[in-house]
Amino acid sequence: MGALALFLGHPRSTVRLSGHGRNSPTNVHHEHKPTVLYISTRGEAPTLGFADVTLAGLARDGGLYMPQTWPKLAPDMIAGMAGRPFHEIAVEVIAPFTGGDISRADLSAMARDAYAQFGHAAVTPLVQIGPDLWVLELFHGPTLAFKDVAMQLLARMMDHVLAKRGQRATIVGATSGDTGGAAIEAFRGSKRVDVVILFPDGRVSDVQRRMMTTPTEANVHALAVDGTFDDCQALVKAMFNHHAFRDRLALSAVNSINWARIVAQVTYYFAAGAALGAPHRKLSFVVPTGNFGDILAGYVARQMGLPIEKLVIASNANDILPRTLATGVYETRGVVATTSPSMDIQVSSNFERYLFEAGGRDAGAIRAQMASLAQSGRFEIGKAHARLKAEFAAASADEKAVAETIRRTERQSGYLAEPHTACAIHAADTLAPVPGAARIVLATAHPAKFPDAMAEITGRRPALPPRLKSLMTEVERMTVLPNDLAAIERFIEARSRVATEGNR
Ligand SMILES: *Cc1c(COP(=O)(O)O)cnc(C)c1O
């Protein structure tokens with residue numbers, strides 16, 4: 001995947017990025033010089049502006065892009081967010097990261113449009129479930145999971161950047177469930193982007209599959225692969241490593257290491273914090289996380305000036321992050337399947353960004369740690385451990401704890417949480433109460449997205465929101481292909497407009 005960013009610029013023209021080293025000159029398309037620059041955690045990829053970072057996903061040295069410095073929001077700006085529309089808060093949070101690559105007026109229009117797709121006037125409403133405990137509902141978007149918050153805006157930003165450059169792109173991704181639907185829903189009808197999502201045939205839920213297979217636009221394609229999620233991921237990785245194919249189709253990625261997705265997730269930390277009295281009130285956020293993406297957005301919010309006491313990592317039985325916090329050793333183990341499948345991961349890819357920060361932005365140390373991970377499946381986090389323990393807490397919930405938390409929460413407060421959210425409610429209980437402070441649990445999915453697990457735990461199947469009631473009866477459109485790279489590449493090549501119409 002290290003070569004993924006090579007498609008930046010015109011893939012087949014002379015502006016191909018060829019420089020190594022962090023200060024290589026890069027993109028000659030800009031009619032301006034971006035004023036915010038991004039560096040790779042591994043220190044050997046070109047420094048880029050926001051637009052290039054958004055299109056690239058991963059850095060070409062295999063690292064992840066980070067801004068050189070953190071923008072700050074003044075306390076009175078944060079206090080003034082209380083009661084403002086969500087899309088306006090999003091602009092205040094995201095604009096400082098764009099470095100002039102996207103104008104404020106364009107960003108405002110995109111944010112307004114993106115968050116108009118949500119089924120709640122607050123976009124991300126807060127629900128109080130205890131004296132000092134709130135649930136921040138992030139699931140009112142089109143696919144009922146928090147990934148819509150970032151993906152809806154990301155799709156608009158990508159289209160915008162590509163339109164300005166007169167280019168197209170082909171997005172290829174693998175999904176175990178939520179990301180694929182969010183991407184297809186966000187990019188459906190895009191003039192500039194074609195999307196192909198690989199998923200393991202028969203191994204995603206009916207709701208998840210239908211969210212990918214019922215959109216009728218010609219630019220989105222759900223591809224059921226006869227294999228596992230790991231097979232799908234390996235196929236995507238192979239396509240990105242197949243340089244001629246990657247360049248011919250201008251492949252791009254929208255997985256959780258895309259920096260623009262992280263930035264778009266910072267928005268709700270500020271919206272919720274201001275609504276509950278920040279910066280004058282102490283807050284802790286409890287976040288169901290696997291890839292460390294959502295909770296990294298909380299860390300960014302704190303760097304920007306939101307006073308956050310603790311960021312609590314909530315994991316399911318796949319507990320690599322809580323183990324790392326306890327021991328200082330990051331060590332992979334096999335994945336176990338749980339009722340919170342979106343957190344069933346072995347490697348937390350975004351953790352690299354925090355390691356880079358907490359270790360003093362030492363790219364050489366990151367390279368050594370990642371080499372150790374590739375070789376032996378483990379590394380010591382070293383200097384970063386003390387800071388990790390000071391800034392974060394962590395707890396994992398096994399399947400019994402998840403079920404008990406769902407039943408107890410409903411009994412005590414009437415609130416029905418799904419399994420990812422329940423991991424976080426469980427973790428919130430491990431935090432010592434601070435007088436006057438607020439604990440905010442992020443609810444990352446709607447219970448109706450996981451009806452079988454909910455039925456097993458509560459005895460009832462939660463109903464889909466009315467705006468989605470036709471989902472289960474609409475006609476599905478998908479292609480089933482064998483686990484065969486050449487066949488899948490042929491399928492994509494025949495449908496990508498970059499391949500069939502050219503990258504203009
Ligand atoms: C993706 C997802 C998560 C985990 O998000 P991270 O990017 O790993 O922090 C949690 N819950 C749900 C429902 C998800 O779809």
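What you are looking at is a predicted structure, and each value in this text was computed from that prediction instead of being measured. Whatever order the structure lists ligands and atoms in, that order sets their numbers, starting from 1.
The six-membered or imidazole ring of H420 lies away from that of F146, with a centre-to-centre distance of 6.0 Å or more.
Every residue was checked against the salt bridge (Lys or Arg N to Asp or Glu O under 4.0 Å) condition with R203, not counting sequence neighbours, and none meets it. Remark: Q346 engages T332, V335 in a side-chain contact (heavy atoms from CB on, under 4.5 Å) (not counting sequence neighbours). With sequence neighbours excluded, no residue forms a ring-ring contact (aromatic ring centres under 6.0 Å, His included) with F199.
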Do any nitrogen or oxygen atoms of ligand 1 lie under 3.5 Å from a protein nitrogen or oxygen, and which ones?
{"residue": "ligand 1", "atom": "8 (O)", "partner": "G290", "partner atom": "N", "Å": "3.0"}
{"residue": "ligand 1", "atom": "8 (O)", "partner": "N291", "partner atom": "N", "Å": "2.6"}
{"residue": "ligand 1", "atom": "9 (O)", "partner": "T289", "partner atom": "OG1", "Å": "2.6"}
{"residue": "ligand 1", "atom": "9 (O)", "partner": "G293", "partner atom": "N", "Å": "3.3"}
{"residue": "ligand 1", "atom": "9 (O)", "partner": "D294", "partner atom": "N", "Å": "3.0"}
{"residue": "ligand 1", "atom": "11 (N)", "partner": "T444", "partner atom": "OG1", "Å": "2.8"}
{"residue": "ligand 1", "atom": "15 (O)", "partner": "K147", "partner atom": "NZ", "Å": "2.5"}
{"residue": "ligand 1", "atom": "15 (O)", "partner": "D178", "partner atom": "OD2", "Å": "2.6"}
{"residue": "ligand 1", "atom": "15 (O)", "partner": "S342", "partner atom": "OG", "Å": "3.4"}

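At a threshold of 4.0 Å, the pair K310-E391 does not count as salt-bridged, since none of the basic side-chain nitrogens sits closer than that to a carboxylate oxygen.
Counting heavy atoms from C-beta outward, V93 and M81 have side chains that approach closer than 4.5 Å.
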